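Contents: one structure, followed by commentary.
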Number of protein chains: 2
Amino acid sequence: MALEQDSGAGSLYRKVAADLREAITSGSFGDAGRLPAEGALAEQYGVSRGTVRQALALLRADGLVTSRRGTRRVVLGSARVQSFSELLSFTHWARSMGEEPGGRLESIVRRPADAAEREQLRLDPGAEVYAMLRLRTLSGTPVMVERTVYPPRVGELVAQLPPDAVSHTEPLREHGILFSDADHTIDVVGANADDARLLGCRRGSPLLREKRRTTDPTGTPVEWSQDRYLPGTVAFSIHNSLASSALSRHARESD
Amino acid sequence: MALEQDSGAGSLYRKVAADLREAITSGSFGDAGRLPAEGALAEQYGVSRGTVRQALALLRADGLVTSRRGTRRVVLGSARVQSFSELLSFTHWARSMGEEPGGRLESIVRRPADAAEREQLRLDPGAEVYAMLRLRTLSGTPVMVERTVYPPRVGELVAQLPPDAVSHTEPLREHGILFSDADHTIDVVGANADDARLLGCRRGSPLLREKRRTTDPTGTPVEWSQDRYLPGTVAFSIHNSLASSALSRHARESD
DNA sequence: GCGGCCAAGTTGGCCAGCCAACTTCCGTCG
DNA sequence: CGACGGAAGTTGGCTGGCCAACTTGGCCGC
């Protein structure tokens with residue numbers, strides 16, 4: 001079995017993981033859902049067993065395979081999204097569903113940060129931030145109101161983007177703003193006047209809210225965002241195990 | 001530096017991780033939040049660098065430390081809950097907040113499984129299930145309606161529990177029912193008549209819904225549950241990174 | 001003083017091997 | 001025919017080592 005040269009992201013174990021993920025979702029391993037032994041995989045791929053185990057740990061975290069000492073690993077689910085990038089990027093998520101993402105910038109202003117924003121973004125007193133308000137659409141219909149606060153370093157770049165730019169995370173990545181970690185909080189909140197106007201719902205009607213703080217690899221916050229979704233447009237999905245967890249966002253299924 | 005003999009869960013790297021987690025949250029490493037080098041930690045604990053790296057991977061997944069090639073690891077946050085057990089067990093979660101969990105069993109019946117239940121629990125046509133309806137309280141006030149469907153093997157055990165049993169997961173664990181993986185879906189739903197009656201809200205008022213399917217280490221489903229929370233009582237919190245993710249549930253903060 | 005270059009330090013990644021714990025299966029014995 | 005026991009297979013865990021990629025800071029030259 002040969003490795004695709006473009007699969008994975010450089011490191012060997014990621015390539016092996018990507019290849020196994022592909023093999024699993026395409027329905028190989030018809031052997032009652034049993035994976036080959038780690039040693040066998042190592043030989044097939046021409047790598048050490050440790051590398052195979054690194055790859056399998058990724059699949060394990062995504063809930064694709066089980067792992068129990070003494071038995072071969074068992075294939076569980078089959079399809080799970082690339083959780084991290086899809087979770088952060090509305091654009092990426094929408095496209096993976098075959099929907100056409102859109103965005104309408106309502107406003108972006110530079111202003112002094114309030115106490116909560118300073119704490120979230122770890123800014124010094126007196127620091128300023130860029131505050132953005134944006135309506136996001138799927139194939140033309142409004143589904144979400146996004147309120148994002150950026151530290152100046154990032155906000156300056158965002159403010160220079162064209163108002164009709166669909167994706168913000170992609171140009172930011174090209175400017176060296178890397179997203180590495182995110183903390184999310186999900187709850188319900190009533191629509192305020194702005195939400196109601198933009199989303200076309202009544203004031204006070206329930207919205208699914210996701211609050212998110214994202215940091216770069218050094219732990220420096222790069223954005224603090226509050227997204228409010230119309231009910232029925234989105235659901236958040238999490239797989240977690242004794243080992244680790246993976247979060248994803250997907251279209252709400254029909255109950 | 002010596003390892004606590006009771007910290008961790010058997011394996012060496014878990015002990016190291018537990019010890020480091022303790023050291024981080026207690027505020028050691030005052031050195032501008034810099035962790036010692038992996039090699040130094042390996043020497044301190046008397047283990048190999050690979051074991052230290054396994055331990056640090058756990059902390060990395062929880063968002064406690066960064067990791068960037070070329071630089072020492074940086075301490076990020078300080079406190080994050082033990083996500084898996086707290087997420088699954090209402091009882092465990094409530095107690096960790098200092099609240100007194102309660103449960104009132106409304107009904108538990110054995111009946112034929114419908115198509116959706118058979119698929120979720122991977123049961124054969126004609127199989128039966130145990131369907132449970134339970135109201136859960138925090139310090140006496142109703143906060144959540146729990147609807148759980150068990151396969152017969154598990155349901156028989158649940159049905160024998162006393163109606164006022166606070167925790168179900170703990171006695172199940174003692175009977176050899178192990179929880180290893182869970183898939184969660186979070187969205188908003190309107191209260192139906194039962195929800196409204198039990199929670200004391202109006203019909204149609206929004207509830208935060210968590211659907212959950214839990215499996216044991218072999219991948220066999222052991223429960224399928226639908227929990228509906230009153231708004232404002234709970235929020236779901238997730239940390240995810242390029243490597244992996246950790247989900248937790250917590251009391252909703254004051255906006 | 002400033003800029004560039006180089007070396008040391010650090011993490012990412014990979015390998016080969018070893019043993020323990022556990023599961024499964026088969027053959028044997030009662 | 002069933003129960004028991006042991007061997008083989010498999011994953012969990014740990015070691016020690018090696019090199020590459022990257023960051024940082026200091027030294028040197030200009």
Side-chain angles (χ1 to χ4, degrees), chain A residues 3 8-18 20 29 31-61 64-76 176 178 180 216-220 241-244, chain B residues 3 8-18 20 29 31-61 64-76 176 178 180 216-220 241-244:
Chain A
L3 286 175
S11 41
L12 200 42
Y13 75 96
R14 288 182 189 277
K15 287 178 187 158
V16 173
L20 285 174
F29 310 128
D31 180 14
R34 278 286 188 38
L35 236 62
E38 294 173 356
L41 289 172
E43 197 172 350
Q44 283 178 22
Y45 285 110
V47 301
S48 77
R49 192 183 145 219
T51 301
V52 170
R53 285 175 62 78
Q54 275 188 285
L56 288 172
L58 291 183
L59 305 185
R60 176 75 182 85
L64 281 170
V65 297
T66 64
S67 68
R68 204 164 48 123
R69 173 152 45 184
T71 330
R72 290 256 273 278
R73 306 177 101 103
V74 176
V75 176
L76 280 184
L178 299 177
S180 168
D216 67 12
T218 69
T220 307
S241 65
L242 285 172
S244 61
Chain B
L3 287 176
S11 41
L12 200 42
Y13 77 95
R14 287 181 190 277
K15 287 181 188 155
V16 173
L20 285 174
F29 310 127
D31 180 15
R34 278 285 188 39
L35 238 60
E38 295 173 358
L41 288 173
E43 196 171 350
Q44 284 176 23
Y45 285 111
V47 299
S48 77
R49 191 183 147 221
T51 301
V52 170
R53 284 175 63 78
Q54 275 187 284
L56 288 171
L58 291 183
L59 305 185
R60 176 73 181 84
L64 281 170
V65 298
T66 65
S67 70
R68 205 165 44 124
R69 171 152 46 184
T71 330
R72 289 258 270 278
R73 291 172 184 267
V74 176
V75 175
L76 279 185
L178 300 176
S180 168
D216 68 11
T218 69
T220 307
S241 65
L242 284 172
S244 61

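Keep in mind that this is a model prediction, so the values were computed, not measured. Letters A, B, ... mirror the listed sequences (proteins, then strands); counts begin at 1.
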Report summary line: Atom CG of L56(A) and atom P of dC14(C) are separated, to the nearest Å, by 14 Å
Requested in this report: To the nearest Å, give me how far apart CG (L41(B)) and P (dT15(D)) are.
Outcome: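 Distance, rounded to whole Å: 14 Å.
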**Report entry** S48(A): partners by side chain to side chain contact (heavy atoms under 4.5 Å, CB included), with sequence neighbours left out
**Finding:** T51(A)
Flag side-chain contact, heavy atom, 4.5 Å: [X] against [Y]:
{"X": "V74(A)", "Y": "R34(A)", "result": "yes"}
{"X": "L64(A)", "Y": "L20(A)", "result": "no"}
{"X": "V52(A)", "Y": "V47(A)", "result": "yes"}

**Report entry** Residues in salt bridge (charged side-chain N to carboxylate O under 4.0 Å, His left out) contact with R53(A), at least two apart in sequence or another chain
**Finding:**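 R53(A) satisfies salt bridge (charged side-chain N to carboxylate O under 4.0 Å, His left out) with E38(A) once adjacent residues are dropped.
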Query raised in the report: How would nucleotides 5-14 of chain D be written as a contact map, 5' to 3', with B for base contact, S for sugar-phosphate-only contact and - for no contact, using protein heavy atoms under 4.0 Å?
Result: ----BBBBBS
